[in-house]
Amino acid sequence: MSRRQIRSLLAVSAAAALAVGLVIGGGSAANAGTTLGASAAEKGRYFGAAISAGKLGDNTYATILNREFNSVTPENEMKWDATEPQQGNFSFGNADRIVNHARSHGMLVRGHTLLWHSQQPGWAQNLSGSALRNAMNNHVTQVATYYRGKIHTWDVVNEAFADGGSGGRRDSNLQRTGNDWIEVAFRLARSADPNAKLCYNDYNTDGINAKSTGIYNMVRDFKSRGVPIDCVGFQSHLTNSAPSDYQANLQRFADLGVDVQITELDISGSSQANAYAAVTRACMAVSRCNGITVWGIRDSDSWRTGQNPLLFDGSGNKKAAYDAVLNALNAGTGTGTPPPSTPPPSGSGGCTAAVSLNQWNGGFVATVRITAGSSSINGWRVTTTLPSGATVTGSWNANRTGTSGSVGWTNVDYNGAIAAGQSTEFGFQATGTGSGIVAGCTPA
Ligand code: 9MR
């Protein structure tokens with residue numbers, strides 16, 4: 001899907017949200033969205049949340065997620081310890097759960113994070129020098145390749161700068177492999193997933209200070225040397241308020257020619273609602289601010305235990321901070337830069353089933369060819385309606401329900417995934433006459 005198509009998709013969903021708002025919301029100003037995602041989309045931006053695979057089965061949680069957000073970040077599931085627990089052995093189950101949920105609900109996915117000094121698997125912690133560098137590079141390439149086309153933005157590198165006044169790099173095993181580790185990672189990520197936006201992400205960088213200036217200088221250097229960096233993420237774990245130069249800080253990065261994103265927003269303290277509004281207004285005022293992600297859904301989901309820094313309380317009720325954000329989104333005048341395109345979710349392009357027959361006196365073999373439509377599918381369900389008198393006696397390459405009349409078929413584990421426009425086949429043998437079989441396919 002092109003950037004323009006995404007832009008119009010966002011416009012369509014915004015228009016749909018507006019229509020719903022007019023019917024059930026009533027009274028709100030024209031152009032006022034009624035959910036965070038729809039309101040942000042009206043301004044060409046996303047509104048996301050960090051989520052956990054383990055909570056998708058929690059009904060309150062999933063209801064809020066599906067209603068309010070149009071981007072998700074796996075809170076832990078794409079980190080190095082989760083995706084490569086043993087060297088060269090990749091494990092994407094929990095991350096896939098999030099990606100599949102998001103894509104089947106029309107949400108974009110923000111990838112977090114390819115390289116970070118924390119949450120490394122034990123084997124990586126024990127490496128150094130070129131062995132570690134090779135492992136880092138392989139990790140970036142493998143994970144970004146696996147998710148190619150499904151991630152709107154990658155945090156390629158997370159938290160590589162030191163706290164305090166030095167403005168320099170943080171010491172870590174990664175840094176000790178050589179100062180060029182960050183640019184190497186960005187180049188590899190670009191090769192692996194050319195359409196994802198590539199971000200550097202950090203905390204305590206939310207105002208103009210030594211740390212954010214160190215990152216600013218790195219970005220300026222990368223841009224001047226053609227290192228492929230597209231954006232900077234500002235985590236924004238805040239207490240009481242945003243720095244007064246929050247917007248100015250975003251803007252100075254934008255002026256370097258990169259996008260900016262608010263990536264892990266949570267705010268504790270008594271002036272929480274005002275601070276959330278200020279952060280939201282700042283993003284809306286910077287046209288290169290692509291969107292905002294809050295770091296969790298309900299207060300009870302937050303890593304900041306007991307600080308209640310999120311937009312929904314532990315029971316899932318909207319807090320004053322929620323209203324403050326929604327109002328600030330709706331009041332925004334900017335048009336924003338939409339998140340980059342990711343191809344349509346699996347199955348949205350449908351599938352077709354075509355039957356060919358080899359008939360003999362008293363029986364036949366039917367071969368059913370399934371073709372994916374304009375997007376890939378991860379599984380399929382076919383129904384064949386057999387002429388009366390025909391009875392299935394055997395079948396291959398599919399699971400079957402029934403033997404006559406309406407017979408249901410689903411993929412087996414090796415033939416469910418079909419790329420856009422590609423085909424697979426299954427077949428069955430039956431008694432009777434096959435002429436006139438009707439077959440229909442739906443992605444599963
Ligand atoms: O929210 C995450 C928490 O569940 C993990 O235990 C923790 C482990 O370090 O990481 C938290 O997320 C961090 C994010 O990945 C990077 N920026 C700081 C976040 C909060 O600690």
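We use all heavy atoms of the structure for the numbers below, so side chains are in, but hydrogens, waters and symmetry mates are not. As the structure is a computational prediction, the values presented were derived from the model and not from experiment.
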May I have the list of side-chain donor-acceptor pairs in residues 204-211 shorter than 3.5 Å, sequence neighbours left out?
| from | atom 1 | to | atom 2 | distance (Å) |
| --- | --- | --- | --- | --- |
| Thr205 | OG1 | Asp202 | O | 3.3 |
| Asp206 | OD1 | Ser236 | N | 3.3 |
| Asp206 | OD1 | Ser236 | OG | 3.3 |
| Asn209 | OD1 | Lys211 | N | 3.1 |
| Asn209 | OD1 | Ser212 | N | 2.7 |
| Asn209 | OD1 | Ser212 | OG | 3.1 |
| Asn209 | ND2 | Asn204 | O | 3.0 |
| Lys211 | NZ | Asp163 | OD1 | 2.8 |
| Lys211 | NZ | Asp202 | OD1 | 3.3 |
| Lys211 | NZ | Tyr203 | O | 2.9 |

Subject >> With Arg170 via salt bridge (Lys or Arg N to Asp or Glu O under 4.0 Å) - residues at least two apart >> reply: none
Original post:
Do any pairs count as a disulfide (SG to SG under 2.5 Å) and have a residue in residues 253-331, sequence neighbours left out, and if so which ones?
Top reply: Cys283-Cys289
Subject >> Sequence neighbours excluded - disulfide (SG to SG under 2.5 Å) pairs with any residue from residues 88-124 >> reply: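 Listed by first then second residue: nothing to list.
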Subject >> Salt-bridge contact Asp301-Arg298 (side-chain N to carboxylate O under 4.0 Å) >> reply: yes
**OP:** Assess whether ring-ring contact (aromatic ring centres under 6.0 Å, His included) is satisfied between Phe253 and Tyr216, documenting all intermediate values.
**Re:** CA-CA 7 Å; Phe253 279 89; Tyr216 177 89; 5.5 Å; yes
Original post:
Partners of Trp380 by ring-ring contact (aromatic ring centres under 6.0 Å, His included), sequence neighbours excluded?
Top reply: Phe426
**OP:** Check for a donor-acceptor pair, side chain of Asn89 on one end and backbone N or O of Pro85 on the other, with a separation under 3.5 Å.
**Re:** no
**OP:** Pick out which of Asp255, Asp230, Asp259 makes a salt bridge (Lys or Arg N to Asp or Glu O under 4.0 Å) with Arg288.
**Re:**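 With Arg288 as partner, salt bridge (Lys or Arg N to Asp or Glu O under 4.0 Å) holds for just one option, Asp259.
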Subject >> Check: Thr293 and Gln261 side chains under 4.5 Å, non-hydrogen atoms >> reply: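 No, every pair of side-chain atoms sits at 4.5 Å or beyond.
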Identify every side-chain donor-acceptor pair in residues 316-324 under 3.5 Å, counting partners at least two apart or on other chains, and give the distances.
| from | atom 1 | to | atom 2 | distance (Å) |
| --- | --- | --- | --- | --- |
| Asn317 | ND2 | Asp313 | OD1 | 3.4 |
| Asn317 | ND2 | Asp313 | OD2 | 3.1 |
| Lys319 | NZ | Gln272 | OE1 | 3.3 |
| Lys319 | NZ | Asp299 | OD1 | 3.1 |
| Lys319 | NZ | Asp299 | OD2 | 2.9 |
| Lys319 | NZ | Asn308 | O | 3.0 |
| Lys319 | NZ | Leu310 | O | 2.8 |
| Tyr322 | OH | Glu68 | OE1 | 2.8 |
| Tyr322 | OH | Glu68 | OE2 | 3.0 |

Subject >> Trp123 and Trp80 aromatic ring geometry - parallel, tilted or perpendicular at 30°/60° bounds >> reply: perpendicular
Subject >> Modelled atom types, side-chain donor and acceptor of Trp295 and Ser302, under 3.5 Å >> reply: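 Note: Trp295 and Ser302 side chains miss the donor-acceptor criterion.
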